[in-house]
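I have placed the structure first, in the form of structure tokens, so that the comments after it can refer back to it.
The analysis underlying the following values was restricted to heavy atoms, covering all of them including side chains, and did not include hydrogens, waters or symmetry mates.
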Amino acid sequence: MNVILLGAPGAGKGTQAEKIIAAYGLAHVSTGDILRKAVADGTLLGLEAKRYMDAGELVPDAVVIGLVESRIAEPDAESGFILDGFPRTEAQAEALDGALSEMGERIDAVVSIDVDPRVIVERLTSRRTCKACKKIHSLIADPPADPGTCDACGGELYQRDDDTEATVRNRLDVYERATAPLIDYYRDKALLHAIDGDRPVDVVFADVRAALGV
Ligand code: AP5
Ligand code: MG
């Protein structure tokens, strides 16, 4: 099964992806995570991507499309993958269609997680991520016992550089302009399942499961 998770920054794509992977073992293809790793490793890709990410702008299509094409060709993606944060533009969606048809693959479902932008600013400024195991935490919805320590593995929690209020607002504008039109793109292909993401994580997950038919 190949799934796309669509949704604004902070809608809960990464949180739901963690749960889908734990339950069904699909490969997690998060362009944001791939780019953040490149930044942390100090590669040329990371140096180029960082200035876009810190400003809340999209990294150029050609760069991201190349990354995803190689990632979905890796062995762990053979039995299915979740695209988290890709595609984000119509050009990316069309490139994905082309790459999948060359591979004899297709997208089975697109889950769009919808959350009011006013909720999102608060969510993202209180998000913390584990440096070691990458688990996503919330200081509001599910606070860790110690605000600096991961409940899952004891690793150090950090705040993403792009989770400042000004950058979050720009990311939301970019989402509305560049990515929200993909909702209609996938509705027209009869692949879209829209889910209210402004409910507790497990309630949202129950709807995700129902949408995926698993
Ligand atoms: P990316 O890493 O994809 O970030 P994003 O889309 O902005 O989304 P986030 O990761 O911020 O949010 P999320 O939906 O995963 O929410 P989460 O589950 O963490 O991209 C970052 C940057 O990389 C982009 O700005 C761009 O520069 C570049 N990039 C990436 N992909 C690209 C592409 N395809 N093309 C071009 N550039 C690209 O949840 C957020 C918080 O809310 C957490 O604290 C969580 O605990 C909490 N939470 C989650 N669900 C709930 C709930 N139901 N109730 C209460 N709290 C909840
Ligand atoms: Mg994410």
* **Heavy-atom side-chain contact between P9 and V168 under 4.5 Å** => no
* Structure fact -> Contacts of A40 meeting side-chain contact (heavy atoms from CB on, under 4.5 Å) (sequence neighbours excluded), chain-then-number -> none
* Set of side-chain hydrogen bond (donor to acceptor under 3.5 Å, both in side chains) partners for E18, sequence neighbours left out -> none
* Closest heavy-atom contact between A27 and R71? -> CB-NH2, 4.1 Å
* To do: Return yes when atom CD of Q159 has more than 12 non-hydrogen atoms of other residues, nucleotides or ligands closer than 6.0 Å, and no otherwise.
  => yes
* To do: Tell me, please, which residues at least two apart from R106 pass salt bridge (charged side-chain N to carboxylate O under 4.0 Å, His left out).
  => D108
* Taking all heavy atoms of K13 and all of G10, pick out the closest pair and write down the distance. => NZ-N, 4.4 Å
* Indicate if L100 and L182 have the same hydrophobic cluster label, given that clusters are the connected sets of ILVMFWY residues with side-chain heavy-atom separations under 4.5 angstrom. => yes
* Can you list the residues that meet the side-chain hydrogen bond (donor to acceptor under 3.5 Å, both in side chains) rule with E102, with sequence neighbours excluded? -> none
Atom pairs and distances, side-chain donor-acceptor, residues 134-142, under 3.5 Å, sequence neighbours left out:
unit_1, atom_1, unit_2, atom_2, d
K134, NZ, K131, O, 2.9
S138, OG, I140, N, 3.0
S138, OG, A141, N, 2.8

* Y175-V115 co-clustered via ILVMFWY side chain contacts under 4.5 Å -> no
* **Residue of the set V59, T31, I34 for which side-chain contact (heavy atoms from CB on, under 4.5 Å) holds with L67** => I34
* **Path from I107 to M103 over hydrophobic side-chain contacts below 4.5 Å** => yes
* To do: State whether the side chain of E90 and the backbone N or O of P181 hold a donor-acceptor pair below 3.5 Å, judged by distance alone.
  => no
* Asked: Looking only at heavy atoms, what is the nearest atom pair of D114 and S112, with distance?
  -> OD1-OG, 3.1 Å
Residues 143-155 side chain polar contacts: donor-acceptor under 3.5 Å, at least two apart:
unit_1, atom_1, unit_2, atom_2, d
D146, OD1, G148, N, 2.8
D146, OD2, T149, OG1, 3.2
D151, OD1, A145, N, 3.4

* Asked: In chain order, what residues pass the side-chain hydrogen bond (donor to acceptor under 3.5 Å, both in side chains) check against R123, with sequence neighbours excluded?
  -> none
* **Flag side-chain contact, heavy atom, 4.5 Å: I72 against V68** => yes
* Asked: Side-chain contact, heavy-atom cut-off 4.5 Å: V174 with L58?
  -> yes
* To do: Please check if atom CD in E74 has more than 12 non-hydrogen atoms from other residues, nucleotides or ligands closer than 6.0 Å.
  => yes
* Asked: Just wondering, do T15 and F205 contact through their side chains at under 4.5 Å, heavy atoms?
  -> no
* Asked: Regarding T164 and D162, is there a side-chain donor-to-acceptor distance under 3.5 Å anywhere?
  -> no
Distance-only check: which donor-acceptor pairs under 3.5 Å involve side-chain atoms of residues 81-88, not counting sequence neighbours?
unit_1, atom_1, unit_2, atom_2, d
D84, OD2, H28, NE2, 2.9
R88, NH1, G85, O, 2.8

* Considering non-hydrogen atoms only, spot the tightest contact between M1 and L26 and give its length. => O-CD2, 3.7 Å
* Mind checking side-chain hydrogen bond (donor to acceptor under 3.5 Å, both in side chains) for Y24 and listing every partner two or more places apart, or none if nothing turns up? => R209
* Structure fact -> So the salt bridge (charged side-chain N to carboxylate O under 4.0 Å, His left out) pairs with at least one residue in residues 49-61 (sequence neighbours excluded) are K50-D54, K50-D161
* Residue pair T89 / T179, side-chain heavy-atom distance below 4.5 Å -> no
* About how many Å separate OG1 of T129 and CZ of R127, when rounded to the nearest 0.5 Å? -> 5.5 Å
* To do: Measure the spacing between CG of L124 and CD of E165 and express it to the nearest 0.5 Å.
  => 11.0 Å
* List the atom of T125, the atom of V121, and the distance in Å for their closest heavy-atom pair. => OG1-O, 2.9 Å
* When you measure from the side chain of D116 to the backbone N and O of R118, does any donor-acceptor pair fall under 3.5 Å? -> yes
* To do: Would you kindly confirm whether V119 and L6 end up in one hydrophobic cluster when ILVMFWY residues are joined by side chain heavy atoms under 4.5 Å apart?
  => no
Please tabulate, one pair per line, all N/O donor-acceptor pairs under 3.5 Å involving side-chain atoms of residues 185-193, not counting sequence neighbours.
unit_1, atom_1, unit_2, atom_2, d
Y185, OH, D97, OD2, 2.4
R187, NH1, D184, OD1, 2.6

* Asked: Once you round to the nearest 0.5 Å, how far does CZ of R128 lie from OH of Y158?
  -> 11.5 Å
* With the threshold set at 4.0 Å, does a side-chain nitrogen-carboxylate oxygen contact exist between D41 and K37? -> yes
* **Spatial distance of atom OG (S70) from atom CD1 (I65) [nearest 0.5 Å]** => 11.5 Å
* Asked: Is D163 paired with R171 through a side-chain N to carboxylate O contact shorter than 4.0 Å?
  -> yes
* To do: Give the cluster check for V208 versus V3: same hydrophobic cluster or not, with ILVMFWY residues linked at side-chain heavy-atom distances below 4.5 Å.
  => yes
* **Considering all heavy atoms, the nearest L35-A49 contact** => CD2-CB, 3.9 Å
* List for me each residue that meets side-chain contact (heavy atoms from CB on, under 4.5 Å) alongside D207, sequence neighbours excluded, and say none if there are none. => I195, R199
* Asked: For R36 and D33, what are the C-alpha separation, side-chain angles and deciding distance, and is it a side-chain contact (heavy atoms from CB on, under 4.5 Å)?
  -> CA-CA 5 Å; R36 275 184 291 279; D33 286 353; 2.9 Å; yes
